[in-house]
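Here is the structure we will look at, set down as structure tokens.
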Amino acid sequence: MKLSIGHLYPELFNLYGDRGNVRCLLKRLQWRGIEAEVIPLAAGEKVDFNGLDILCWGGGSDRGQEMAAGYLKEIRKDFKAYVEEDGVVLAVCAAYQLLGNYYRTEKKTIEGLGILDICTQWKPGRLVGNAVLESPLFSTPVVGFENHGGRTEIGDHTPLGRVLFGHGNTGNSGYEGLVYKNLFATYLHGPLLPKNPEVCDGLLERALKRKYGKEIELEPLSDIPEYRANRNIVERYTPPGSRHI
């Protein structure tokens, strides 16, 4: 077995260590003896989505989003087809925003890919800090760090999780991120995946199933330090009564 991990525009989108998500996917495959490769996809480069099993896209500045907008138009059609055909995607922060129809900043509107029917509006006062989510997709809480000025309205899309601590999509909706087919979009940095091995393995299992046409249960790893880090954040920021997992 082998998986190919695409890293979209790493030179423009790598805030708060989001490159670590790519490294985490790679190492958790290698630790299990599964062959894997990382394919950097530079801005302006032609993207062969047929050769990708997972696509990682990280956070970036408003300026980075503006710079990427033109390049994104060139890959919009193929990117949308990849998502609709159950391609596995992890999109963080700015990438999350650009998957939608637009991101309206304080000064201008940045056109998005329109893959998701969502919109983001900048508002004063950044939403910053640690976050803890309860998600029906995972048995353990999802933790991370958010820092965004945009408020994202997700409409009828399914959220990634309910906010136990933090701000989430808008600061008052009570929910964070979204899941559409095999696409996971979130504001959570950290990087996200090293602190949430269950989320990482969930993405890997979806990619393996899509590629090989059958359910593949990954060999368990010890994950003692990973879950210790996760539990430390959960216990520090959420009262026991709010944890339903």
Side-chain angles (χ1 to χ4, degrees), residues 2-32 34-49 51-69 71-72 75 79 82-83 87-99 103 113 126 128-131 133 142-150 160 176-177 182-207 218 221 223 225-227 229-230 233:
K2 178 181 179 179
L3 289 181
S4 297
I5 304 164
H7 189 186
L8 189 65
Y9 302 169
E11 71 276 32
L12 296 177
F13 296 88
N14 184 39
L15 286 181
Y16 308 112
D18 289 331
R19 190 184 301 270
N21 291 323
V22 177
R23 296 295 301 168
C24 188
L25 290 163
L26 178 68
K27 294 305 295 184
R28 291 184 73 80
L29 286 169
Q30 292 176 337
W31 288 336
R32 293 174 165 109
I34 300 174
E35 190 176 354
E37 65 173 336
V38 174
I39 304 173
L41 303 167
E45 180 180 308
K46 180 175 174 58
V47 178
D48 179 13
F49 285 92
L52 302 179
D53 300 306
I54 302 176
L55 182 67
C56 282
W57 190 9
S61 65
D62 290 354
R63 181 173 179 273
Q65 292 188 56
E66 290 181 53
M67 293 173 64
Y71 301 124
L72 290 170
I75 66 171
F79 198 163
Y82 176 76
V83 171
V88 178
V89 178
L90 175 64
V92 178
C93 201
Y96 176 14
Q97 296 169 347
L98 286 172
L99 286 168
Y103 172 34
L113 286 163
R126 297 189 68 81
V128 183
N130 285 285
L133 313 180
V142 178
V143 303
F145 182 85
E146 58 183 330
N147 185 351
H148 53 105
L160 173 61
E176 203 286 321
N182 283 338
L183 183 155
F184 284 59
T186 178
Y187 273 114
L188 300 189
H189 301 278
L192 173 71
L193 297 185
K195 295 179 182 177
N196 299 281
E198 193 177 359
V199 178
C200 188
D201 286 353
L203 294 171
L204 294 175
E205 288 174 347
R206 287 170 182 248
L218 292 169
L221 300 173
D223 292 328
E226 291 87 346
Y227 281 114
N230 180 289
I233 293 172

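Quick note: residue numbers are just sequence positions, from 1. Computed from heavy atoms alone, side chains included, the values below leave out hydrogens, waters and symmetry copies.
Side chain to side chain, Q97 and Y187 meet the donor-acceptor criterion of an N or O pair below 3.5 Å.
Among all heavy-atom pairs drawn from G51 and S4, the shortest one is O-CB, 3.3 Å. Of all the heavy atoms in E37 and L26, the pair that sits closest is N-CD1, 4.4 Å. Residues P10 and P40 share a closest heavy-atom pair of CG-CB, 4.5 Å. The two residues A185 and Y96 make their nearest non-hydrogen contact at CB-CD1, 3.4 Å. Between P191 and G17, the shortest heavy-atom contact is CB-O, 3.1 Å. Of all heavy-atom pairs spanning P197 and Y227, the tightest one is CG-CZ, 3.5 Å.
The shortest side-chain heavy-atom distance between C56 and V89 does not fall under the 4.5 Å cut-off. At a threshold of 4.5 Å between non-hydrogen side-chain atoms, the residues L183 and L99 count as touching. Taking 4.5 Å as the limit, every side-chain heavy atom of L90 sits out of range of all side-chain heavy atoms of V199. A heavy-atom distance below 4.5 Å is found between the side chains of L203 and L193. Residues L133 and L188 are in side-chain contact: their nearest non-hydrogen atoms beyond the backbone lie under 4.5 Å apart. The shortest distance between side-chain heavy atoms of L52 and L41 falls below 4.5 Å. Between V142 and L192, the closest side-chain pair of non-hydrogen atoms falls below 4.5 Å. When side chains are defined from C-beta on, L160 counts as touching F184, because their heavy atoms get closer than 4.5 Å.
Checking side-chain atoms of N130 against main-chain N and O of V143 turns up no donor-acceptor pair under 3.5 Å. Formation of a donor-acceptor pair under 3.5 Å by the N230 side chain with backbone atoms of N196 is not found in this model.
How far CG of L204 is from CG of L3: 6.5 Å, rounded to the nearest 0.5 Å. To the nearest 0.5 angstrom, H148 atom NE2 is 8.0 Å from H189 atom NE2. The CD atom of E146 sits 10.5 Å away from the CZ atom of R126 when rounded to the nearest 0.5 Å. How far CD1 of I39 is from CG of D53: 8.5 Å, rounded to the nearest 0.5 Å. In this structure, CZ on F13 lies 9.0 Å from CE on M67, to the nearest 0.5 angstrom. Atom CG of D48 is separated from atom OH of Y82 by 11.0 Å, given to the nearest 0.5 angstrom.
Sorted by first and then second residue, the salt bridge (Lys or Arg N to Asp or Glu O under 4.0 Å) pairs with a member in residues 15-31 read R28-D201, R28-D223; sequence neighbours excluded. Screening residues 5-14 for side chain to side chain donor-acceptor pair (under 3.5 Å), with sequence neighbours left out, gives no hits.
Atom CZ of F49 has more than 12 neighbouring heavy atoms from other residues, nucleotides or ligands inside a 6.0 Å radius.
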Before giving the answer on side chain to side chain contact (heavy atoms under 4.5 Å, CB included), spell out for F79 and L55 the whole-Å C-alpha distance, their side-chain angles and the decisive distance to 0.1 Å. CA-CA 10 Å; F79 198 163; L55 182 67; 3.5 Å; yes
